[in-house]
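First the structure, in the form of structure tokens, and then the observations on it.
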Protein chains: 2
Amino acid sequence: MTTPTGARELAHPAYEEIRLADVLHALADPMRLRVVCGLAVAGTEVNCSAVELPVSKSTSTHHFRVLRESGVIRQSYRGTAKMNELRRDDLDALFPGLLDTVLAAAHRQKARLGPDAG
Amino acid sequence: MTTPTGARELAHPAYEEIRLADVLHALADPMRLRVVCGLAVAGTEVNCSAVELPVSKSTSTHHFRVLRESGVIRQSYRGTAKMNELRRDDLDALFPGLLDTVLAAAHRQKARLGPDAG
DNA sequence: CGGTTTGTACGATAGACCTCGTAGTACGGT
DNA sequence: ACCGTACTACGAGGTCTATCGTACAAACCG
């Protein structure tokens, strides 16, 4: 009886706690950039394994946590799955245009270097 | 006679070699973010010690090098000084809007948290 | 030439980070 | 109750990073 209520809770930074340096650090990893691009394309909540990464599952979990703890994504449990979505509202309010320019930059670079480049 | 010509040369990544993840990583450090903001405010070339950082001089050198090697700034020697400027042209061409949105985000966050916050 | 200014190189240290495998937990279905 | 799915927690390994101090180099100024 460690968690009384059935719903497991996940620690997210509050709106005021989101730091630009943390967000940039979260986005500065190729794997996490892939995740963010994948979530942007999806548009809605997707579960963790929906974004395929060339790393082990525990590493994937690690990256999702970094993204959550920096304020880039929101995570919630739904059954056995864990759903992920971009914190677009908060990010756009805090740092207008940042997410979109990063996504556009990632898209451009992918087109320039080929889809398989880091 | 290790360096034949008098002008010391500095290694910069070519335009095509600049990687988004590297740029984001360079910007993801509070000290380097300060440097970038300082250079943006200056608008022109400034020497290394023009941007005051609460770290030792050798650490400062380290951060300037990271910024140069990621393609964020351009460095050149001028007498005993080393001049620094943003690579605005290249960054804007590669990742339109990225630098400006990051600068704006940094400015907003500084206003929100106070000028002394990381 | 001698001194000053400006920044570099090197080595060290402590902490963070990415990656993995294994073992375990929570939930849903049969 | 049992099993499968989806993800986590923990510990470990190897690499990278930020920081520092000291010693050094390059250019300028008398």
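Note that the structure is a prediction, hence the values are computed from the model and not measured. So that the names make sense, note that chain A is the first sequence line, chain B the second, and so on, each numbered from 1.
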query = Roughly how many Å is it from CD in B/Glu9 to P in D/dA26, rounded to a whole number?
reply = 15 Å
query = To the nearest 0.5 Å, what is the distance between NE2 (B/His12) and CZ (B/Arg87)?
reply = 6.5 Å
message = Distance check needed: C/dG7 C1' versus B/Glu52 CD, whole Å only.
response = 16 Å
ask   = When rounded to the nearest 0.5 angstrom, what is the spacing between CZ in A/Arg78 and CE in A/Met83?
value = 5.0 Å
task = Find the distance between CG (A/Leu20) and NZ (B/Lys110) and round it off to the nearest 0.5 Å.
result = 11.0 Å
ask   = Rounded to whole angstrom units, what separation is found between the CG atom of A/Asp29 and the C1' atom of D/dT15?
value = 14 Å
inquiry  = Would you compute the distance between atom CG of A/Leu94 and atom CG of A/Leu99 and round it to the nearest 0.5 angstrom?
reply    = 12.0 Å
inquiry  = Tell me the interatomic distance from A/Leu10, atom CG, to C/dT25, atom P, rounded to whole angstroms.
reply    = 18 Å
query = Expressed in angstrom and rounded to an integer, what is the separation of B/His62 atom NE2 from C/dT6 atom C1'?
reply = 19 Å
inquiry  = Less than 4.5 Å apart, side chain to side chain, heavy atoms only: is that true for A/His107 and A/Val41?
reply    = no
key: Candidate nucleotides C/dG7, D/dC7, C/dC20, ranked by approach to the side chain of B/Ala81 - the nearest   = C/dG7
key: Phosphate OP1/OP2 of D/dC7 contacted by A/Arg65 side-chain N/O (<4.0 Å)   = no
inquiry  = At 4.0 Å (heavy atoms only), tell me whether B/Arg78 reaches a base, stays on the sugar-phosphate, or touches nothing.
reply    = nothing
query = Tell me: CE of B/Met83 to C1' of D/dA27, nearest whole Å?
reply = 14 Å
inquiry  = Could you tell me how far apart A/Arg68 (CZ) and D/dC7 (C1') are, to the nearest whole angstrom?
reply    = 12 Å
request  = Could you say whether A/Ser58 or A/His25 is positioned toward the 5' end of DNA chain C, judged by the nucleotide with the nearest heavy atom to each?
outcome  = A/His25
task = Could you please name the option among C/dT22, D/dC7, D/dC20 that lies closest to any side-chain atom of A/Lys57?
result = D/dC7
message = With a 4.0 Å cutoff (strictly under), does any side-chain N or O of B/Thr59 reach OP1 or OP2 of D/dC20?
response = yes
ask   = Are B/Thr80 and C/dG7 close enough that a side-chain N or O sits under 4.0 Å from OP1 or OP2?
value = no
query = Are any of B/His63's side-chain N or O atoms less than 4.0 Å away from OP1 or OP2 of D/dT19?
reply = yes
message = To the closest 0.5 Å, what do you measure between CG (B/Leu33) and NE2 (B/His63)?
response = 11.5 Å
task = Specify the separation, in whole Å, of atom CD of B/Glu69 and atom C1' of D/dT17.
result = 13 Å
query = Looking at DNA chain C, which of residues 37-51 of chain A put a heavy atom within less than 4.0 Å of it?
reply = none
inquiry  = Let me confirm one number: the CG-CD distance from A/Asp22 to A/Glu17, rounded to the nearest 0.5 Å.
reply    = 10.5 Å
